[in-house]
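Note that the coordinates shown come from a computational prediction; the quantities given were computed from them, not determined experimentally.
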Amino acid sequence: MTATTESLMLPQTFKFTSAEHGAFIDGTETAAGVSTIDTLDPATGRVITTIAETDNETVDRAVESAARAFEGEWGTMLPARREELLHRFADLIEENAAELAQYDALEGGKPISHVESVDLPLAVEQFRYYAGWPTKIQGATVPVSTSDTHVYTRRIPLGVVAAITPWNFPLCQAAIKLAPALAAGNTVVLKPSELTSLSSLRLAHLAIEAGLPAGTVNVVTGTGAGTGQALVSHPKVAKISFTGSEATGRHLGAEAGRSLKHISLELGGKNPHIIFADADIAKAAAYAATTAYFYSGQVCFSGSRLMVERAVLDDVLSAVEEHADALVLGHGLDRSSTMGPLSSATHREKVERYLNTVSGTGATVAFGGSRAKESGYFLEPTAIVGPADTDPVVAEEIFGPVLVIQPFDSIEELVPRANSGQYGLTAGVWTRDARKAHTVARQLQAGTVWVNTYADYNAAAPFGGFKNSGFGKDCGPAGLDKFLDTQTVWMSLA
Ligand code: NAD
């Protein structure tokens, strides 16, 4: 099924047609350089619009604008007023939800019903949650063992934050960075992925409409190697807040080391999703399929490595296949779609290269594995049964609709195998035995463990990985902490 031509048009309220659009600095859109990038609709391969590759000089203007706002109106604003403005920002995201959802559905290819029911509420929740914080950021008095001395700490913002986001959750990821960074009193230059810039640009307009001072939120569009690199290496950037691939994370870690900037890294995952034989198998299998194929598996916490107690392997596999069969592949703006395309032709080829490694390993492709539809970058929901822990399809993040399924026979065997991967983002455990659930959960090397559920997410609950999945939590007080520093003041009373 495909969407109608009318519904594929960009919302009229905010149309991008030229490189004049592409950087939002000091409260207005601005010309951003000479070269441009075509943004493609991944469901058709057609050009949606053109964005600017923001050049170094314009990136510099964006950072200078953020630095001025930090020294000026935003940095000195009373906390209660900052709270008010962040709530107003959240109101405007809600009021413009229908338009914002279309950008992510169109550019990202994700079903619009998912954007509306998942991404939008999560983005609003970030602003609501962190809007409550500015009046509660406190230092402490310190009981030092020195006579006649008063020591206290102040929690202070870092300055200009470079927020770099991936293409898979453009609006959400922008909110996850903007809300705590702003609540802490920082200003931001946001660089969205070159594949999905529109919702971030629209957010910058809404920030101004909400009353945030010009320069508090700036956006620069463009590639990572060009615009992104110019941003993260700018001397006035105090902090890099990055979400994306492990490879880019390592590169930015080195960049932060060179210039001694604060950095937090939210990277990839290959997440063990474990089903014991005593679990509610129907429910567990439904979650297994949903979390593996949601957004075509292009989710960092996708339950992409399903580990099933051998006795129930066949039951789980057939239930997962039934769920996969029921998925409706289609255009992001088509309301009947429940699974969209992969993000680009290059990305689909990368996923297919993983599928090609399966033959000759002893594993089997249980279903799927082929391209779906004639246009766009669709791939069928796929399952691979029986790969070894060291096979690339198990050891690496595929980031596609490819579920690997592995049997296990005991907890003793399961835990070291589940921990054998390089990543440590999330894990899931399904069992009716509470003791078993807690025993396994505490042994798993994963930043988040879900028991008898999967993929729950809330602005109040810290989220972030161990090992190669990065460091620095999103959400909760920890999500705010990473945008703050501590100043200690010693005062002699002698
Ligand atoms: P990516 O690393 O290719 O790009 C992410 C962002 O970094 C983009 O905006 C890109 O332009 C920018 N970038 C690239 N090189 C740069 C450089 N040298 N300097 C500055 N910026 C640069 O990742 P992607 O393909 O967009 O996203 C998918 C990855 O993101 C997956 O690995 C996924 O697991 C991960 N991810 C993690 C989380 C999490 O919370 N842990 C959430 C979403 C996505």
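With Thr382 contributing its side chain and Val402 its backbone, the two residues share no donor-acceptor pair below 3.5 Å. Asn186 places a side-chain N or O within donor-acceptor distance of the main-chain N or O of Phe483, the cut-off being under 3.5 Å.
Contact record, Arg154 with Val489: CD-CG2, 4.5 Å, taken as the closest heavy-atom pair. Considering every non-hydrogen atom in both Ala459 and Cys475, the closest pair reads O-CB, 3.2 Å.
The ring of Trp167 has its center closer than 6.0 angstrom to the ring center of Phe399. In summary, the aromatic rings of His114 and Phe294 are positioned with their centroids under 6.0 Å apart. Taking the six-membered ring wherever Trp is involved, the centroid distance between the rings of Phe24 and His205 falls below 6.0 Å. Between His347 and Tyr377, the distance from one ring center to the other does not fall under 6.0 angstrom.
With a 4.5 Å cut-off on side-chain heavy atoms, Thr223 and Glu53 count as touching. Between Val308 and Trp430, every side-chain heavy-atom pair lies at or beyond the 4.5 Å cut-off. Within the 4.5 Å cutoff, the side chain of Phe276 has no heavy atoms near those of the Asp433 side chain. Counting heavy atoms from C-beta on, the side chains of Val160 and Val188 never come closer than 4.5 Å. Between Val232 and Ile164 there is a side-chain heavy-atom pair separated by less than 4.5 Å. Here the side chains of Thr439 and Arg435 are in contact, with some heavy-atom distance below 4.5 Å. For the pair Tyr423 and Lys467, the minimum side-chain heavy-atom distance is 4.5 Å or more. The closest side-chain heavy-atom distance from Thr227 to Thr221 is not below 4.5 Å.
Under the side-chain hydrogen bond (donor to acceptor under 3.5 Å, both in side chains) criterion, the residue pairs touching residues 172-184 are Gln173-Thr243, Lys177-Ser241, Lys177-Thr243, with sequence neighbours excluded.
Atom NE2 of residue His87 and atom CG of residue Leu85 lie 10.5 Å apart, to the nearest 0.5 angstrom. Distance CD1/Ile112 to CG/Asp104: 9.5 Å, rounded to 0.5 Å. The distance from atom CG of Leu379 to atom CG of Leu342, rounded to the nearest 0.5 Å, is 5.5 Å. Here the CD-CG distance, from Gln406 to Leu403, works out to 10.0 Å after rounding to the nearest 0.5 Å. For the atom pair OH of Tyr454 and OH of Tyr287, the computed distance is 12.5 Å after rounding to the nearest 0.5 Å.
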Determine whether Lys270 and Ser302 satisfy the following criterion, side chain to side chain donor-acceptor pair (under 3.5 Å), listing intermediate values before the conclusion.
CA-CA 8 Å; Lys270 185 77 183 190; Ser302 165; over 6 Å; no

List the steps, then state whether salt bridge (charged side-chain N to carboxylate O under 4.0 Å, His left out) holds for Lys482 with Asp474.
CA-CA 9 Å; Lys482 65 184 185 185; Asp474 285 334; 2.7 Å; yes

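A salt bridge is absent between Lys473 and Asp481; no separation between the charged side-chain nitrogens and carboxylate oxygens falls under 4.0 Å. Between Glu246 and Arg250 a salt bridge is recorded (basic side-chain N to carboxylate O distance below 4.0 Å). The existence of a salt bridge linking Glu255 and Arg258 is confirmed by a sub-4.0 Å separation between a basic side-chain nitrogen and an acidic carboxylate oxygen. The pair Arg88-Glu83 fails the salt-bridge criterion, with no side-chain N (NZ, NE, NH1 or NH2) lying under 4.0 Å from an Asp/Glu carboxylate O. Ion pairing between Arg305 and Asp389 holds under the 4.0 Å rule for side-chain N and carboxylate O.
No side-chain donor-acceptor contact under 3.5 Å links Ser304 and Asn271. Judged by distance alone, the side chains of Ser200 and Ser197 never bring a donor and an acceptor atom under 3.5 Å apart. Between the side chains of Ser264 and Lys239, a donor-acceptor pair is found at a separation under 3.5 Å. Under 3.5 Å, the side chains of Glu99 and Tyr103 contain a donor-acceptor pair of N or O atoms. A donor atom on one side chain and an acceptor atom on the other are found under 3.5 Å apart for Thr486 and Arg155.
Heavy atoms from other residues, nucleotides or ligands lying under 6.0 Å from NZ of Lys236 number 12 at most.
Residues satisfying the side chain to side chain donor-acceptor pair (under 3.5 Å) criterion with Glu94, sequence neighbours excluded, are Arg128.
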